[in-house]
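The figures that follow rest on heavy atoms only: side chains count, while hydrogens, waters and symmetry mates do not.
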Amino acid sequence: MSTTGRTSLPWGLLSGDNAAWVDAQYRAWLADPGAVDPAWARLFEQHVPPADPRAGMAPAPDLRSIFAPGGGQGGCDPSAVMEAAERQAKVMLLVNAFRVRGHTEANIDPLGRRDTRPHPELTLEYYGLGPEDLDVPVSGRGIFGVPPVTTLRHIITRMRKAYCGGFGVEFMNIGDPRRKAWLQERFETVQDRRVMSKAQCLKALRQMADAQHFEAMLHRRFPGTKRFSLEGAETLIPLLDDLIEALVPRGIEMIVLGMAHRGRLNVLANIVDKPVPDILAEFEDRPTQRFSGSGDVKYHLGYTHEHTTSSGQQVVLSLTFNPSHLEAVDPVVEGRCRAVQDRRGDTEHARSLPILIHGDAAFAGQGLVAETLNLSGLRGYRTGGTIHVIVNNQIGFTTAPSDARSTDYCTDVARMLQVPIFHVNGEDPDAVATVAAIAAEWRQTFRSDCVIDMYCYRKYGHNEGDEPSFTQPLLYDLIRNRPTPLEVYAETIARRYDDIDESEIAAVIEDSRQRLEEILNQPAPPVVDSYQGNAETSLGRVWSAYRQGATVHDPVDTTVDRERLVELLQKANTLPDGFHAHRKIQRLLAQRREMARGERPVDWAVGEQAAYATLVAEGHPVRLSGQDSGRGTFSHRHAVLTDVKTGEEYVPLCHLDPGQARFQVYDSMLSEAGVLGFEFGYTLDYPETLVLWEAQFGDFANGAQIIIDNFIMATEQKWDRCSGLVMLLPHGYEGQGPEHSSARLERFLQLCAEENIVVANCTTPANFFHLLRRQVLWRLRKPLIHLSPKSLLRHPRCTSTLDELASGRFRRVLEDPDVPPEQASRLIFCSGKVFYDLQDARGERRDVSIARLEQLYPFPADRVQELVRRAGAGTEIVWCQEEPRNMGAWPMMDEWMTDALGERPTYAGRPPAASPATGSPRKHRQEQAALLEAALEGPARPIALR
């Protein structure tokens, strides 16, 4: 306060938001002196300079001079001014609270069970305000859709419409002010216009009717049959259509969808355009698609279709097949979408996107959700934003939300991404349409995820044969006694819009019913091959070259020109000028150039590098990912080099030829299931690419067992879709303990049947080179499980020559290079590293021949039989392995070799064990010596050839 008789306010009043607010008050006073608080009016009257008679108006003063010590021309009531400033500060706190907490009072539960008692922070009393403040002029600055000077009553009315209506939104945790302001503007101004035109309202009504009639028809025709009805959540159909209609004009050409079984048949029929007669044929067990394998239940199947929007634009909709394991399809969908983007050169992720449809209990409970969310911003895995739609049934099987999660919302895990999370009433048509429009625009503007949590309910139990009132009697009393979502929807639009009358509503619903009846009267569709049924879609055209009747037994030419191989290896191991590599890397590259010149034998790393180099040079993309894949867990690969002075990265395999294919290598997040699922999905839409996922240790692959069991092993048999995914699983017993020894080979071999996969365990760089090239060059796609080496990466005898790379081929079985079977009295079959241990233990003996099974499945019975015949009757046949008897290859080799030979071979290896390996180095050495002695010296049965 000034002591000179003239008033001034604290300098702080003219700093930050206060200065802007005072300026707004002043501008409003200039326009209308009655528009501001009387205290401010008096202040401005006292301090504005007299009008210049030579000018037509008073000049605007410098506001800082009004409040500066010694400034101004008269007195005013500083307490009144301070009161107005404090009131404004409280108003802005309340506005912020609506943006942060408004969702807690939103009307989002159609069942009306949500506790919507006023949140303390949304009350006047919390801020020391009262009814007397409601009509006092305040600034509207910083609030969208309100004038510069308004009243608190008007602000609260608009804030409630924006944040406490049919949808609530969590977004204030977003750190980017620009994104927050973008969202605030849309939330706070949408109330100023009609969200849905009459035509859009009637279209949504029609889709609701289509969804309800479809479910009712199935219920009548197939009572008690599992279909996982959408009833209670029919609004999902117009919601998805709203998203599609909003996304396609913004450049989207393909949408990859993933969802669980609930409502899937309805989405197939009413969104993805799968013919209803085809769905009925599946209910009647006369499917219209002929599968090459065993097939799957109807509510797991996928479908791809080129859909036409209401504006006539085309978009490919592809619903991904999935097992019953909830959320397992999430990373698969992400991988598929990234593959589409990479294939089309869509580096901005602007033309394709994933839509994932979740259940509330699964979104909160399944860890793959968090893994998938975490992929969203990583350079090797981002797809430019996924729209997550949660069908919130407010129950999980029989489990209430209070027992299913520790959070207020099922969506709280998504807050990690700082993205908008919408909670919307599934029976409020305007709210659903608003959320869909904002979500679509957000995704295409910011290339970021968003979440739509649609509150609804589940009419029946977990399935149509389940009785839900056993565990939720009160909930299901409420559900049974309420109108259907279609009835609620119809009543709402009739009440809300004057231009829609009840006769129009009735006509739309009746037309929906009649159209379904017409479809049901159509003749049964013919049976077609499941792949050819979608051959005209873009996805079908991608795969057309790989379904020509090829088999895993077809020969494949994997040779390369030797001079070209040398040239590529020289380029792959030469640094650009000015790049400062680590001194050890410089020495390593020099050694590799010697290998390229034939001056050193080729080691494992160069054999692998040669495979990638020749493939990309021939036009085949390569994608490798996993934990530490750039360098390699065991520091052998060094596909990514780092400048020690600048930190810049250089990938030599990206700089071989101007016209080469893409080479990508990514260090993944610390996840198995999410990343493996992503890479599997990538292979589904980019079959020309060699896609490899590398486990840090093979043991860790069991963290992705759901992906392995339910997707990789049986995709062709269940869904008639193929994958060429390669899994690199480091394996080998070197005394590193139970979790760093075994890739659990037995689990993969146990799942082998119908030539579903290839399982290999290469022991030379050349054989690995040809195996990788075969994986791309043959005209079919099968997953490849490869047990990668650890100690063999630097083993002096685990080498090859350039000629073996250039002119060789993949050999399923490698016979002993020193002792042919004809000279041996004992023939040992083995696989992997133990071959070199057996060689060392055998020493100079020439009565034991050691054969290696490089391909374990499909089992090379013909080659095994050939070697045994050459050895002759009476030869002792032994299977040797490092793993315990109940693990490794033996459980299946016992069966397969016995079938092939007519007699059972002798086992030599560790005894049965619960744990794969010992943690004691001393005990490991003892066990290893014992199994080698048993293989070379132990008793064995001579075989009599049949």
Side-chain angles (χ1 to χ4, degrees), residues 96-109 114 116 119 162-188 190 233 235-236 239-240 242-243 246 327 330 353-366 369-377 384-394 401 404-426 428 431-456:
N96 186 70
F98 272 105
R99 291 167 174 167
V100 176
R101 307 290 188 202
H103 59 86
T104 64
E105 294 189 23
N107 178 27
I108 59 176
D109 183 2
R114 190 167 184 250
T116 55
H119 192 286
Y163 298 108
C164 305
F167 72 90
V169 60
E170 297 178 87
F171 72 103
M172 289 296 283
N173 64 316
I174 296 173
D176 184 343
R178 182 175 64 98
R179 296 189 179 197
K180 276 196 294 191
W182 188 94
L183 289 165
Q184 288 166 6
E185 180 180 12
R186 280 148 183 81
F187 300 148
E188 293 167 19
V190 70
T235 316
L236 176 65
L239 170 57
L240 291 175
D242 287 344
L243 287 170
E327 308 298 340
D330 296 356
L353 91 155
I355 294 179
L356 290 175
I357 304 168
H358 314 266
D360 52 312
F363 197 81
Q366 291 291 322
V369 171
E371 292 191 29
T372 303
L373 293 172
N374 196 32
L375 289 171
S376 65
T386 299
I387 298 179
H388 300 269
V389 177
I390 298 171
V391 179
N392 194 331
N393 294 310
Q394 306 184 68
R405 62 178 187 262
S406 299
T407 57
D408 291 337
Y409 293 111
C410 67
T411 56
D412 282 2
V413 65
R415 289 175 63 88
M416 64 190 277
L417 294 186
Q418 298 189 24
V419 298
I421 301 172
F422 304 92
H423 307 283
V424 62
N425 190 322
D428 186 327
V432 170
T434 299
V435 163
I438 296 175
E441 188 183 4
W442 165 272
R443 195 279 177 186
Q444 287 302 86
T445 301
F446 298 109
R447 303 290 189 268
S448 175
D449 285 32
C450 61
V451 181
I452 301 174
D453 177 19
M454 188 185 79
Y455 274 66
C456 49

*Mind listing the closest non-hydrogen atom pair of E327 and A362 along with its distance?*
OE2-CB, 3.3 Å

*asked:* I want to check something: taking the side chain as every heavy atom from C-beta on, are F187 and I438 in contact at a cut-off of under 4.5 Å?
replied: yes

*asked:* I want to check something: taking the side chain as every heavy atom from C-beta on, are T235 and C456 in contact at a cut-off of under 4.5 Å?
replied: no

*State, with a plain yes or no, whether a side-chain heavy atom of N96 is found less than 4.5 Å away from one of M172.*
yes

*Can you measure from CZ (F98) to NE2 (H119) and round to the nearest 0.5 angstrom?*
11.5 Å

*With rounding to the nearest 0.5 Å, note down the distance linking CG in D109 to CG in N425.*
7.5 Å

*What closest approach, in Å, do G385 and P354 show between heavy atoms, and which atom pair accounts for it?*
O-CD, 3.5 Å

*Taking all heavy atoms of A370 and all of V413, pick out the closest pair and write down the distance.*
CB-CG2, 4.0 Å

*D360 side chain vs C410 backbone, donor-acceptor pair below 3.5 Å*: no

*Please examine the side chains of F422 and M454, heavy atoms only from C-beta on, and report whether any two atoms are closer than 4.5 Å.*
no

*Return the set of residues passing salt bridge (charged side-chain N to carboxylate O under 4.0 Å, His left out) with R101 (not counting sequence neighbours), or none when no residue passes.*
E121

*Which side-chain hydrogen bond (donor to acceptor under 3.5 Å, both in side chains) pairs, counting each pair once, include a residue from residues 172-184, with sequence neighbours left out?*
none

*Side chain of R99, backbone of V169: donor and acceptor closer than 3.5 Å?*
no

*Mind checking the NE2-CD1 spacing from H423 to I108? Nearest 0.5 Å is all I need.*
6.0 Å

*Under the side-chain contact (heavy atoms from CB on, under 4.5 Å) test, which residues partner H388, sequence neighbours left out?*
L356, H358, F363, L373, T386, D449, V451

*Can you see which heavy atom on A436 is nearest to which on D242, and at what distance?*
CB-CB, 3.6 Å

*With sequence neighbours excluded, tell me which residues meet salt bridge (charged side-chain N to carboxylate O under 4.0 Å, His left out) with E441.*
R186

*Looking only at heavy atoms, which two atoms of A233 and V391 are closest? And how far apart?*
CB-CG1, 3.7 Å

*Can you pull the side-chain hydrogen bond (donor to acceptor under 3.5 Å, both in side chains) pairs that have at least one residue in residues 406-416, sequence neighbours excluded?*
H103-Y409, R114-Y409, E170-R415

*Contact summary for C164 and G102, nearest pair of heavy atoms*: SG-O, 3.4 Å

*Starting at CG of L353, measure out to CD1 of I387 and round the result to the nearest 0.5 Å.*
5.0 Å

_A431: which residues meet the side-chain contact (heavy atoms from CB on, under 4.5 Å) condition with it, sequence neighbours left out?_
F167, V424, D428

